[in-house]
Trainee: 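First, the structure itself, so that you have it in front of you.
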Amino acid sequence: MSQSTNIVWHESHVTKEERVNLNQHKSAVLWFTGLSGSGKSTLSVALEKELHAQGIHTYRLDGDNVRHGLNKNLGFSPEDRTENIRRIGEVANLMVDAGLLTLTAFISPYRTDRDNVRALLDENEFLEIYVKCSLEACENRDPKGLYKKARAGEIKSFTGIDAPYEEPNHPEITVDTEIQSLEESVQVIINYLKEKQYIDARR
Ligand SMILES: Nc1ncnc2c1ncn2[C@@H]1O[C@H](COP(=O)(O)OS(=O)(=O)O)[C@@H](OP(=O)(O)O)[C@H]1O
Ligand SMILES: Nc1ncnc2c1ncn2[C@@H]1O[C@H](COP(=O)(O)OP(=O)(O)O)[C@@H](O)[C@H]1O
């Protein structure tokens, strides 16, 4: 990869802290990770709707706006998945700088890749949310019919079938979508954000 030289950082006259003060809530990344079909998209969409209704400035990154655009040159090899997550981490970092509660919904199967994104951000700005769901249940849901194709050998290197998924060791939040309803999972996350004062408990 080519490296740019002679690049000078130009400081902004509006800081992240000033943007956060204006918004009256903290900025951070809510990083959803889990198997395909575990509920990352469903949950992040529902959570964003709720946060928006409470006056929180949000943005959601997911396959639709990333793998069809910024990362459309990437596939599903281990190297491409790593690059996918690296770029998403950089974009999420910019969004946090912009003062947003940023929700990301990617399988992000490798612990090291997720930890590298965590390391990019300031302390307490990366909240790993493990969307827990057994492979069996994800496969039964199969909302896009992809597990069926993977089992038939039509899709290679499918996460959980013939590509790995590394569970988080110490996620800030775990939701189990086999046990909890969508509404319960959303409430667990909202409660965490209030308890840790990312958002005002009186909202
Ligand atoms: N080989 C393979 N493995 C896993 N997933 C596959 C694959 N091929 C296509 N898809 C579809 O792409 C979605 C996952 O993209 P991500 O960007 O989240 O993947 S990763 O984080 O880079 O691993 C994933 O979407 P979700 O079901 O929303 O997770 C699938 O719909
Ligand atoms: N408790 C739950 N939480 C989230 N999704 C659920 C739950 N129970 C069933 N589902 C269903 O599981 C599927 C999850 O799909 P999706 O959100 O696309 O997952 P992912 O983004 O992780 O691939 C959806 O069809 C959703 O309706």
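Whatever order the structure lists ligands and atoms in, that order sets their numbers, starting from 1. Model, not experiment: these values are computed from the prediction.
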Trainee: Does the structure place the NZ or CZ of R67 under 6.0 Å from the centre of the six-membered ring of F76, at an angle of no more than 45° from the ring's axis?
Mentor: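 Verdict for F76: a cation-pi partner in R67.
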Trainee: Considering only protein heavy atoms, which is closest to atom 26 (P) of ligand 1, and at what distance to one decimal place?
Mentor: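 The answer is K144 NZ, 3.3 Å.
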Trainee: For atom 3 (N) of ligand 1, which protein heavy atom lies nearest, and how many Å away is it?
Mentor: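 Answer for atom 3 (N) of ligand 1: R81 NH2, 3.1 Å.
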Trainee: Starting from atom 31 (O) of ligand 1, locate the nearest protein heavy atom and write down its residue, its atom name and how far away it is, to 0.1 Å.
Mentor: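 Going by distance alone, atom 31 (O) of ligand 1 is nearest to L146 CD1, 3.0 Å.
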Trainee: For a salt bridge (charged side-chain N to carboxylate O under 4.0 Å, His left out) with E172, tell me which candidate from R114, K196, R118 qualifies.
Mentor: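 Between E172 and the candidates, salt bridge (charged side-chain N to carboxylate O under 4.0 Å, His left out) is satisfied uniquely by R118.
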Trainee: Nearest protein heavy atom to atom 10 (N) of ligand 1, by residue and atom, and its distance?
Mentor: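 Sorting protein heavy atoms by distance from atom 10 (N) of ligand 1 puts F76 CZ, 3.5 Å first.
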Trainee: Any idea which protein heavy atom is nearest atom 29 (O) of ligand 1, and the distance to it?
Mentor: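 The answer is K40 NZ, 3.1 Å.
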Trainee: At a 4.0 Å threshold, what atoms of ligand 1 neighbour a non-hydrogen atom of S157?
Mentor: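 Every atom of ligand 1 under 4.0 Å from some heavy atom of S157: 1 (N), 2 (C), 3 (N).
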Trainee: When you pair each N or O of ligand 2 with protein N or O atoms, which pairs come out under 3.5 Å?
Mentor:
from	atom 1	to	atom 2	distance (Å)
ligand 2	1 (N)	T177	O	3.3
ligand 2	1 (N)	Q180	O	2.9
ligand 2	17 (O)	T42	N	2.9
ligand 2	17 (O)	T42	OG1	2.4
ligand 2	19 (O)	G39	N	3.1
ligand 2	21 (O)	S41	N	2.9
ligand 2	21 (O)	S41	OG	2.7
ligand 2	22 (O)	L35	O	3.4
ligand 2	22 (O)	S38	N	3.3
ligand 2	22 (O)	S38	OG	3.3
ligand 2	22 (O)	G39	N	3.0
ligand 2	22 (O)	K40	N	2.9
ligand 2	22 (O)	K40	NZ	2.8
ligand 2	23 (O)	G37	N	2.7

Trainee: Atom 17 (O) of ligand 1: which protein heavy atom is closest, and how many Å away?
Mentor: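 Residue, atom and distance for the closest contact: R67 NE, 2.7 Å.
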Trainee: For ligand 1, which atoms sit closer than 4.0 Å to a heavy atom of T159?
Mentor: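 It comes down to these atoms of ligand 1: 3 (N), 4 (C).
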Trainee: Does S108 have a heavy atom less than 4.0 Å from any atom of ligand 1?
Mentor: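 Within the 4.0 Å threshold, so yes.
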Trainee: Pick one of side chain, backbone, both or neither for how I85 approaches ligand 1, counting any non-hydrogen atom pair under 4.0 Å.
Mentor: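 It is the side chain that touches ligand 1; the backbone stays farther off.
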Trainee: What do the steps show when you test L121 against V96 for side chain to side chain contact (heavy atoms under 4.5 Å, CB included), and what is the final call?
Mentor: CA-CA 9 Å; L121 289 139; V96 169; 3.9 Å; yes
Trainee: Atom 18 (O) of ligand 1: which protein heavy atom is closest, and how many Å away?
Mentor: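 Here the closest protein heavy atom is I107 N, 2.9 Å.
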Trainee: Give a yes/no verdict on whether any heavy atom in P109 is under 4.0 Å from an atom of ligand 1.
Mentor: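 P109: in contact with ligand 1 (<4.0 Å).
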Trainee: Does one side chain, of E125 or S27, offer a donor that lies under 3.5 Å from an acceptor on the other?
Mentor: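 Checked: E125/S27 side chains show no N/O donor-acceptor pair below 3.5 Å.
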Trainee: For I88 and N71, run side chain to side chain contact (heavy atoms under 4.5 Å, CB included): C-alpha distance rounded to whole Å, both residues' side-chain angles, the deciding distance at 0.1 Å, then the answer.
Mentor: CA-CA 9 Å; I88 293 158; N71 291 353; 4.0 Å; yes
Trainee: Heavy-atom contacts with S36 under 4.0 Å: which atoms of ligand 1 show up? List them by number with element.
Mentor: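 So the atoms of ligand 1 that pass are 26 (P), 27 (O), 29 (O).
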Trainee: Quickly, which of L43, I173, L193 forms a side chain to side chain contact (heavy atoms under 4.5 Å, CB included) with L30? Name it, please.
Mentor: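 When L43, I173, L193 are each tested with L30, the side chain to side chain contact (heavy atoms under 4.5 Å, CB included) holds only for L193.
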Trainee: Go through F106 and V66 one step at a time and tell me if the side chain to side chain contact (heavy atoms under 4.5 Å, CB included) criterion holds.
Mentor: CA-CA 10 Å; F106 299 90; V66 173; 3.9 Å; yes
Trainee: Mind running side chain to side chain contact (heavy atoms under 4.5 Å, CB included) on N116 and R86 for me, showing each step along the way?
Mentor: CA-CA 8 Å; N116 285 340; R86 188 193 69 78; over 6 Å; no
Trainee: Validate the cation-pi geometry between K26 and Y198: distance from NZ or CZ to the six-membered ring centre under 6.0 Å, angle to the ring axis within 45°.
Mentor: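 Judged by the rule, K26 and Y198 form a cation-pi pair.
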Trainee: Give a yes or no on whether a salt bridge exists between E167 and R111, defined as a side-chain N under 4.0 angstrom from a carboxylate O.
Mentor: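 The answer is no: the pair does not qualify as a salt bridge.
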Trainee: For T177, run the side-chain hydrogen bond (donor to acceptor under 3.5 Å, both in side chains) check against E184, R141, K132 and tell me which one passes.
Mentor: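 Among the candidates, only R141 passes.
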Trainee: Atoms of ligand 1 less than 4.0 Å from K156 heavy atoms?
Mentor: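 Here the atoms of ligand 1 in question are 1 (N).
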Trainee: In the protein, what heavy atom is nearest to atom 22 (O) of ligand 1, and what distance, to one decimal place, separates them?
Mentor: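 Here the nearest protein heavy atom works out to N84 ND2, 2.8 Å.
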Trainee: Minimum heavy-atom separation for K40 and F32, please, with both atom names.
Mentor: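 Minimum heavy-atom contact is CD-O, 4.0 Å.
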Trainee: Charged N to carboxylate O below 4.0 Å: is that the case for K194 and D200?
Mentor: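 Salt bridge absent between K194 and D200.
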